[in-house]
J.: 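Here you go, one structure.
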Number of protein chains: 2
Amino acid sequence: MMNTTLKLLAQQLQLSISTVSRALKDHPDISTATKEKVHALANSLDYEPNAYAIQLRTQSSKIFGVIVPAISNLFYDSFIAAIEEESRKNGYALMILQSSNNTENELNNLKIFRQTRVSGVFACLSAHTQNLEVYEKMSNRDIPVVFFDIVPKDNKYTKVRMADERCAIIAAEKIIERGAKHVLAIFGDPALSISQKRKQAFQQFMEKYAPKTHCTYVNTHSSTEAEIAFDKHYSKTQKFDTVFAMTDEILIGVMKSIQVHNIKVPKDIGVISISNGFIPNLYHPTISYVETSGFELGKLAFVQMLANIKGGKTLTELTVDARFVEGKSM
Amino acid sequence: MMNTTLKLLAQQLQLSISTVSRALKDHPDISTATKEKVHALANSLDYEPNAYAIQLRTQSSKIFGVIVPAISNLFYDSFIAAIEEESRKNGYALMILQSSNNTENELNNLKIFRQTRVSGVFACLSAHTQNLEVYEKMSNRDIPVVFFDIVPKDNKYTKVRMADERCAIIAAEKIIERGAKHVLAIFGDPALSISQKRKQAFQQFMEKYAPKTHCTYVNTHSSTEAEIAFDKHYSKTQKFDTVFAMTDEILIGVMKSIQVHNIKVPKDIGVISISNGFIPNLYHPTISYVETSGFELGKLAFVQMLANIKGGKTLTELTVDARFVEGKSM
DNA sequence: TTAATATTTGCAAACGTTTGCGGTAAATTT
DNA sequence: AAATTTACCGCAAACGTTTGCAAATATTAA
């Protein structure tokens, strides 16, 4: 089937292409009579403007690029859901690529985004990306970049992230409230700044406000590692009465071990984690957690992006606040 | 910063645009000397071909569209991961839109895909989409559509899906092997064909090969409903010894109740489900399940798409087979 | 009636590529 | 030395839009 174009419409109506084009977008120059004729034919011929031609002509694409480490992730899921929703409302589409935490993929994805001339990029850095040159290249092309979650340290970038320190501190507060004597606190990959931040904030807070509480700190890279770590410390003579899991992944490992040992929560051991809520609610009793909402982060990122597009630069680091969600585990 | 284009390169090198274009893609007509010169300048000026111009000219976009009910879904996650991986390998990018199980959104998304002139669409129907006209429109535009998971009944479409009946039958087999006397089988939304298929296959198989086994069938719409249903039947005098959960969502509800009642698995009750494996492995003991791999489905869908693009039509319904993954719950 | 203004439409260039075809100069063959 | 082939390269059209400007027509004012 032949593609309907402005040209075709123009021919059939004995009008010029420009008139048809203007009629279709309600340009005041065009008379109501012709407008109606044009619209009628366009509808009956199922005219759909060619996005590429428009973009070529107008040099703007109405597409946002998104880079996430992995789509299959509870947190990024909801982040994506949020910007997808907003994008639709604003007439943008989303192009989502995953880096799989691999710097090379990340570079490749950015290349695609440059070639596609996306209107903007939402980027979450791969775990070990150091070289930010590529992102400079985006800016040189006037493609705004909003970093989220895993963000660069440099302040010249626009970034939104969770209030990592606050999360950790809220958790610490709750642990102190509970009157914990001995805490096992499990954090993620020590190379990641998110782990560092959370651990540092947690540790400082505990030392300052509950110096007598004994804390054991552990770093793990996977839920299996977390399970093993929990198990190892659990078998020791000196038992802990509270466990803190920095992420869902860690919580999963911890809960595995808790189920294996048939530990009573919260009687024997209290549990608290940082999460978006899905995993903590899988268990009985439900796990108390400090909420980090990917959804809200997405909303925030989007307004930043829009601001960036409209009003030039907005070089700020915004954080979305955390709140405690009470389960039955503490 | 000025955008580097073929024109710019041509001017600087005192060559024609066509020569530059050809040099960049190793056309045999161009001498090695000029090729080198062109490549050198292109590199130093960071030339990136304008995708829109190319697409306008060549009428092909190297972008696939994907419609899923929700990105935040363990199953679709892995499906997307698979086609994303394949797409990258084949030089395609992905545009992912979610319908949120809403027919209107679905229509809108398809419109975007048409306007973007995607090379093809992977579509999972919304739960209650009946009218397939829009998809006809895609075909009219020579945009191949590969349906996955929730697919139309009509045989004129290309579709890939899980072997739903097989899944249910494998589960039934295992239940019979276990020597179950009384089974509680929980299925999803009865309006969905996937629920119907699985239930029908399961029921038929049980009636034929284990007529003495008493089965109770329930349909639920959410994990909370599943939890309540499990709870209700558990409190009855006539206890069941095995429970079958058709989806992860249902399994979550079941496990909630099992934890609440502190039921011993598999001693008191055996558990089996259909899943991609993430949720079943959260628990101890791990849950046995019939694996439905979104990842494999994605791979399959992609080869179908490629076949569709290259060799015209392939109007078949392919299914990816299921296999039993043994946990400790049966 | 003529000039001036308002209304409606069309022309043509531009966006950055790709590609069929034709042209020139050098290399090869007769 | 003339004729033919080969190796390179450029011209120009096309893809489907948008948009500044000019042109044509209709309307109003003088």
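Here is how names work: the chains are called A, B, and so on, in the same order as the sequence lines, proteins then strands, and each is numbered from 1.
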J.: Only pairs under 3.5 Å count here: list side-chain donor-acceptor contacts from residues 102-111 of chain B, not counting sequence neighbours, and write none if there are none.
T.:
| from | atom 1 | to | atom 2 | distance (Å) |
| --- | --- | --- | --- | --- |
| B:N102 | OD1 | B:E104 | N | 2.7 |
| B:N102 | OD1 | B:N105 | N | 3.4 |
| B:N105 | ND2 | B:S99 | O | 3.3 |
| B:E106 | OE1 | B:S126 | N | 3.3 |
| B:E106 | OE1 | B:S126 | OG | 2.8 |
| B:E106 | OE1 | B:T129 | OG1 | 2.6 |
| B:E106 | OE2 | B:Y135 | OH | 2.6 |
| B:N109 | OD1 | A:R88 | NH1 | 3.4 |
| B:N109 | ND2 | B:Q98 | O | 3.3 |
| B:N109 | ND2 | B:N105 | O | 3.4 |

J.: Pull out every residue in residues 19-34 of chain B that has a heavy atom closer than 4.0 Å to any atom of DNA chain C, ordered by number, or say none.
T.: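 Heavy-atom contacts with DNA chain C come from B:S21, B:R22, B:K25.
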
J.: Between the base of C:dC11 and the side chain of A:S18, is there a donor-acceptor distance below 3.5 Å?
T.: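 Yes, a donor-acceptor pair under 3.5 Å.
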
J.: If you compare every side-chain N and O of A:T5 against the phosphate oxygens of D:dG16 (OP1, OP2), does one of them come in below 4.0 Å?
T.: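 No, because none of the side-chain N or O atoms of A:T5 sits under 4.0 Å from OP1 or OP2 of D:dG16.
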
J.: Measure the spacing between OG1 of B:T116 and CD1 of A:I63 and express it to the nearest 0.5 Å.
T.: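 Answer for the OG1-CD1 pair, B:T116 versus A:I63, is 5.5 Å.
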
J.: For C:dG16 and A:Q59 - does any side-chain N or O of the residue sit under 4.0 Å from the phosphate oxygens OP1/OP2?
T.: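 Affirmative; the distance criterion is met.
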
J.: Are any of the side-chain heavy atoms of A:R141 and B:D46 separated by less than 4.5 Å?
T.: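 A side-chain contact under 4.5 Å exists here.
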
J.: Among the candidates D:dC15, C:dG10, D:dT17, find the nucleotide nearest to the side-chain atoms of A:K7.
T.: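 Nucleotide nearest to A:K7's side chain: D:dC15.
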
J.: Using the ring of each side chain (for Trp, its six-membered ring), is B:F148 parallel, tilted or perpendicular to B:Y76, with breaks at 30° and 60°?
T.: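 Taking B:Y76 first and then B:F148, their aromatic rings stand perpendicular (interplane angle over 60°).
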
J.: Given D:dT17, C:dT17, C:dC11, identify the nucleotide with an atom nearest to the side chain of B:A53.
T.: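 Side chain of B:A53 sits closest to C:dT17.
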
J.: Check whether any side-chain nitrogen or oxygen of A:Y52 sits under 4.0 Å from OP1 or OP2 of D:dA14, and answer yes or no.
T.: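 False: A:Y52 side-chain N/O out of range (4.0 Å or more) of D:dA14 OP1/OP2.
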
J.: Base, sugar-phosphate, or nothing: which does B:L15 touch, judged by heavy atoms less than 4.0 Å apart?
T.: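 Sugar-phosphate contact only - B:L15 comes under 4.0 Å of backbone atoms but never of a base.
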
